[in-house]
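Below, each value reflects all heavy atoms present in this structure, side chains not excepted, and no hydrogens, waters or symmetry copies.
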Amino acid sequence: MYSNLKSVQYLIAGLKTYNISDVVISPGNSHNAIVRSMDEDPFFKTYSIVDERSAAFFACGLAQELKRPIAICCTAGTAATNYMTGITEASRRGLPIVVITGDKNQYYLAQYEDQMIDSVSIFKSITRHGCVLPIVETPKDEWYCQRVINETLLELDHHGTGPVHIDVPIEAGMFAIRETFTTVDLPVFHKIDRYDLSKTSKSIENKFLSLKNKKVLLMFGQDDHISRRETELLEEIIRKYNCVFATDKLSNLHCKGTVEVTRATKNLSMQDELWPDVVISLAGNSAMDYKFKFKNEQKRAEHWIVNQEGRVADPFRKLSAVFEGTTTQFLETMAQYEVQEGESQYYKSWLSAFEKVLIPKFEYSNLYAVKSLMERLPKDCNLNIANSTIIRIAQFFDLDDSIQVYCNRGVNGIDGCVSTFVGQAAASPDTMNFLMVGDLTFFYDMNAIWNRYRGKNIRIMLNNNEGAALFHFNQGVKYFPTLNQNVAAEHFATAKGWVENQGFIYLSSKNKEEFDRNLEIFLSEDVDKPIFFEVFTHKDSDARLQHEFYDKITIKDGKPAVKDGINKLIKSALRM
């Protein structure tokens with residue numbers, strides 16, 4: 001039998017999954033749910049040491065002789081502080097000790113609760129990693145509980161070895177008797193494995209060979225510069241795997257096997273053949289609405305992630321593998337193996353979905369301005385796209401492959417977008433640099449152009465629709481009466497006086513004819529000053545036209561039912 005507390009069940013299951021079987025236990029009360037669960041499972045070998053100071057050193061002796069991780073477990077209160085000397089020794093010697101402290105609900109800290117101290121901070125300076133398990137009540141709690149246990153136990157031997165700490169708050173069931181201790185079977189523990197790409201191993205080989213007969217989607221996030229080596233490797237991989245390279249404008253990846261998924265996935269909900277078996281995340285964050293669909297709990301998709309830190313990042317709650325290394329290292333390793341012959345049918349399905357999507361025409365609006373500029377930009381220029389509405393709608397429109405695209409997508413905030421652009425333009429004086437930016441984003445960062453580094457290579461197009469149209473798109477004043485005041489920040493400002501004072505050539509438009517005429521001047525390189533183009537629209541009409549735009553997107557040879565599914569998918573993704 002086991003405790004009915006889910007956090008305890010996942011702790012026990014996690015220790016078993018990581019093959020940590022030796023546990024040194026000291027007496028007490030608050031950790032009884034953990035202790036009895038271990039006692040009744042023949043997997044564990046327990047040692048009883050009354051003095052926690054001695055228990056920690058006893059565990060050091062076990063670890064140095066058995067050459068494997070050892071767990072120690074104590075009750076709440078000052079019992080945990082008695083581990084300090086032994087765990088300090090373990091830290092200095094790199095001994096893999098799992099410190100497990102029974103605890104009370106964190107809500108009761110400093111509330112005169114018996115034996116309630118700040119157990120979490122005690123070991124921060126002498127352990128490699130630590131976590132506090134949640135009191136599990138929801139499926140999201142279950143996912144989080146398993147994730148932090150994985151994160152903690154993975155650090156036992158990550159670039160060296162040493163102790164880690166797991167704090168287990170227990171509010172009810174700590175006595176581990178009668179109706180609180182009736183669970184027969186432990187839940188399945190979702191283990192996350194880490195692979196070091198700097199080392200060759202049979203486990204890495206087996207991991208890639210496991211992709212045989214599977215549909216593999218490599219999701220390429222933001223990457224400022226794709227090397228020729230990476231492109232060569234991808235050309236090789238597309239011949240060896242049934243895969244597709246999912247990209248957006250920020251991926252800056254252009255080779256065989258790539259599909260811009262924001263446009264292609266508008267009929268994903270209707271086509272199960274596009275749903276992957278394995279998703280592999282590479283590079284940085286992305287602007288792909290498609291990534292939200294992987295959180296679907298009804299559809300399974302194994303998730304791998306690649307990063308240089310070997311860090312657990314589980315945005316879809318399906319993570320099974322972390323590959324520690326660079327994107328190039330991962331691609332070089334992947335290219336060593338061949339799991340299929342012939343063309344990737346999965347890529348062909350995606351490409352077909354992309355080619356069937358027809359983008360409609362639309363009237364003068366922020367959509368019209370963004371599309372028109374992107375289609376007319378000169379080759380080999382830099383394009384910065386500010387966050388919020390513009391980065392979303394830009395995903396639907398064509399852009400020459402020679403153009404490098406940038407965005408402050410690390411945090412996905414509006415602050416600093418203009419300053420980042422101006423800094424890049426100052427560092428690339430011989431390259432034309434364009435920025436598409438919304439009004440709130442610009443006015444928030446308008447001091448960015450108040451410096452001496454404004455070169456003639458700067459082109460800024462400001463979409464001024466008197467507030468944040470995004471919130472009018474996904475909420476609207478009908479449902480949120482104070483939207484303009486408190487969320488969309490309605491205003492009636494113009495950038496004209498400010499930018500002219502800073503030495504910019506100023507252009508503006510309030511209709512299609514003015515826009516088309518001034519766009520020619522905006523794109524000109526035969527000027528000796530930076531150019532600022534203020535495009536006036538209105539947030540209400542922009543939101544309405546954006547809804548109509550998605551409603552009018554059609555699928556070539558598609559059926560009405562498919563179109564309806566597309567509209568719902570687009571709108572639901574943009575509301576996230």
Among side-chain atoms of Ser419 and Asp445, is any donor-acceptor pair under 3.5 angstrom?
-> yes
Examine Phe533 together with Phe515 and report whether their ring centres are nearer than 6.0 Å.
-> yes
Cut-off 3.5 Å, side chains only: do Tyr364 and Ser509 have a donor facing an acceptor?
-> yes
Could you please spell out the steps behind the side chain to side chain contact (heavy atoms under 4.5 Å, CB included) verdict for Tyr368 and Asp516?
-> CA-CA 10 Å; Tyr368 181 83; Asp516 292 343; 2.7 Å; yes
Nearest heavy atoms of Thr152 and Gly130, plus distance in Å = OG1-C, 4.1 Å
What do you reckon, is OH of Tyr144 surrounded by more than 12 foreign heavy atoms closer than 6.0 Å?
-> no
Report the C-alpha separation of Val535 and Asn366 in whole Å, then their side-chain angles, then the decisive distance to 0.1 Å, and conclude whether the side chain to side chain contact (heavy atoms under 4.5 Å, CB included) test is met.
-> CA-CA 8 Å; Val535 180; Asn366 60 352; over 6 Å; no
Partners passing side chain to side chain contact (heavy atoms under 4.5 Å, CB included) against Ala335 (at least two apart in sequence or in another chain) = Leu233, Glu236, Ile237
Heavy-atom check, side chain of Tyr346 versus side chain of Pro276, under 4.5 Å = yes
Within a strict 4.5 Å, meaning less than it, do heavy atoms of the Leu523 and Leu373 side chains meet?
-> yes
May I ask you to decide if the ring planes of Phe245 and Phe220 are parallel, tilted or perpendicular, using 30° and 60° as cut-offs?
-> perpendicular
Yes or no on side chain to side chain contact (heavy atoms under 4.5 Å, CB included) for Val499 and Ile460, after CA distance, side-chain angles and deciding distance?
-> CA-CA 10 Å; Val499 300; Ile460 299 175; over 6 Å; no
Rounded to the nearest 0.5 Å, how far apart are CG of Asn408 and CG of Asn384?
-> 7.5 Å
Backbone of Gly497 reached by a side-chain donor or acceptor of Asn501 within 3.5 Å | no
Does OH in Tyr453 sit with more than 12 non-hydrogen atoms of other residues, nucleotides or ligands closer than 6.0 Å?
-> no
Has the side chain of Asn457 got a donor or acceptor atom that lies under 3.5 Å from a matching backbone atom of Ala425?
-> yes
Considering only heavy atoms from C-beta outward, does the side chain of Phe294 approach that of Pro315 to under 4.5 Å?
-> no
Is Glu151 salt-bridged to Arg147, going by a charged N under 4.0 Å from an acidic O?
-> yes
Testing Thr494, Asn463, Asn518 for side-chain hydrogen bond (donor to acceptor under 3.5 Å, both in side chains) with Glu534, which one passes?
-> Thr494
Measure the CZ-CH2 distance between Phe443 and Trp498 for me, rounded to the nearest 0.5 Å.
-> 11.5 Å
Kindly give the heavy-atom pair with the smallest separation between Arg454 and Ile458, and that separation in Å.
-> CA-CD1, 3.9 Å
When every non-hydrogen atom of Val261 is compared with those of Ala246, the smallest separation belongs to CG1-CB, 3.3 Å
Arg263 side chain near Ile359 side chain, heavy-atom distance below 4.5 Å = yes
Given the rule in the side chain to side chain contact (heavy atoms under 4.5 Å, CB included) test, do Phe362 and Lys371 qualify, once you have shown the distances and angles that lead to the verdict?
-> CA-CA 10 Å; Phe362 32 80; Lys371 180 177 185 292; 3.3 Å; yes
When every non-hydrogen atom of Pro169 is compared with those of Val132, the smallest separation belongs to CG-CG1, 3.6 Å
Spell out, as yes or no, whether a donor-acceptor pair under 3.5 Å connects the side chain of Asp248 to the backbone of Ser251.
-> yes
Return yes if a side-chain donor-acceptor contact under 3.5 Å exists between Thr327 and Glu230, otherwise no.
-> no
Thr420 side chain vs Gly416 backbone, donor-acceptor pair below 3.5 Å | yes
Less than 4.5 Å apart, any side-chain heavy atom of Val148 and any of Leu133?
-> yes
State, yes or no, whether a side-chain contact exists between Lys348 and Ser352 at a heavy-atom distance under 4.5 Å.
-> no
Expected output: side-chain Asp439 to main-chain Asn465 donor-acceptor under 3.5 Å | yes
Calculate, to the nearest 0.5 Å, the distance between atoms SG and CG belonging to Cys381 and Asp400 respectively.
-> 8.5 Å
Any donor-acceptor pair under 3.5 Å linking the side chain of Asp398 with the backbone of Glu375?
-> no
State whether Lys510 and Glu514 are salt-bridged, where the test is any N-O pair (Lys NZ or Arg NE/NH1/NH2 against Asp/Glu carboxylate O) under 4.0 Å.
-> no
When you check the gap from the basic side-chain N to the acidic O, do Glu273 and Lys215 get nearer than 4.0 Å?
-> no
To the nearest 0.5 Å, what is the distance between CG (Asn242) and NZ (Lys214)?
-> 12.5 Å
Give a yes or no answer on whether the side chain of Asp223 reaches the backbone of Ala283 with a donor-acceptor pair at less than 3.5 Å.
-> no
Closest heavy-atom pair and its distance - Ala448, Asn451 = O-ND2, 2.8 Å
Side-chain donor/acceptor of Arg459 to backbone N/O of Phe522, under 3.5 Å | yes
Quick one: side chain to side chain donor-acceptor pair (under 3.5 Å) pairs with a partner in residues 519-533, sequence neighbours left out?
-> Arg376-Glu520
Going by an N to O cut-off under 4.0 Å, is there a salt bridge joining Glu155 and Arg194?
-> yes
Classify the side-chain pair Asn433/Gln424 by whether it contains a donor and acceptor separated by less than 3.5 Å.
-> no
Check: Leu331 and Leu234 side chains under 4.5 Å, non-hydrogen atoms | yes
How many angstroms lie between OG1 in Thr262 and CD in Gln395, if you round to the nearest 0.5 Å?
-> 4.5 Å
Taking atom CZ of Phe397 as the centre, does the number of heavy atoms from other residues, nucleotides or ligands within less than 6.0 Å exceed 12?
-> yes
Going by an N to O cut-off under 4.0 Å, is there a salt bridge joining Lys249 and Glu260?
-> yes
Classify the angle between the aromatic ring planes of Phe323 and Trp304 as parallel (below 30°), tilted (30 to 60°) or perpendicular (above 60°).
-> tilted
Taking only residues two or more places apart in sequence or in another chain, which ones pass ring-ring contact (aromatic ring centres under 6.0 Å, His included) with Tyr241?
-> none
With the side chain counted from C-beta on, respond yes when Leu319 and Ile305 share a heavy-atom pair under 4.5 Å apart, and no when they do not.
-> yes
Spacing of Asp193 atom CG and Ser320 atom OG [to the nearest 0.5 Å] = 7.5 Å
If you look at every heavy atom in Ser344 and Cys243, which pair is closest and at what distance?
-> OG-O, 2.8 Å
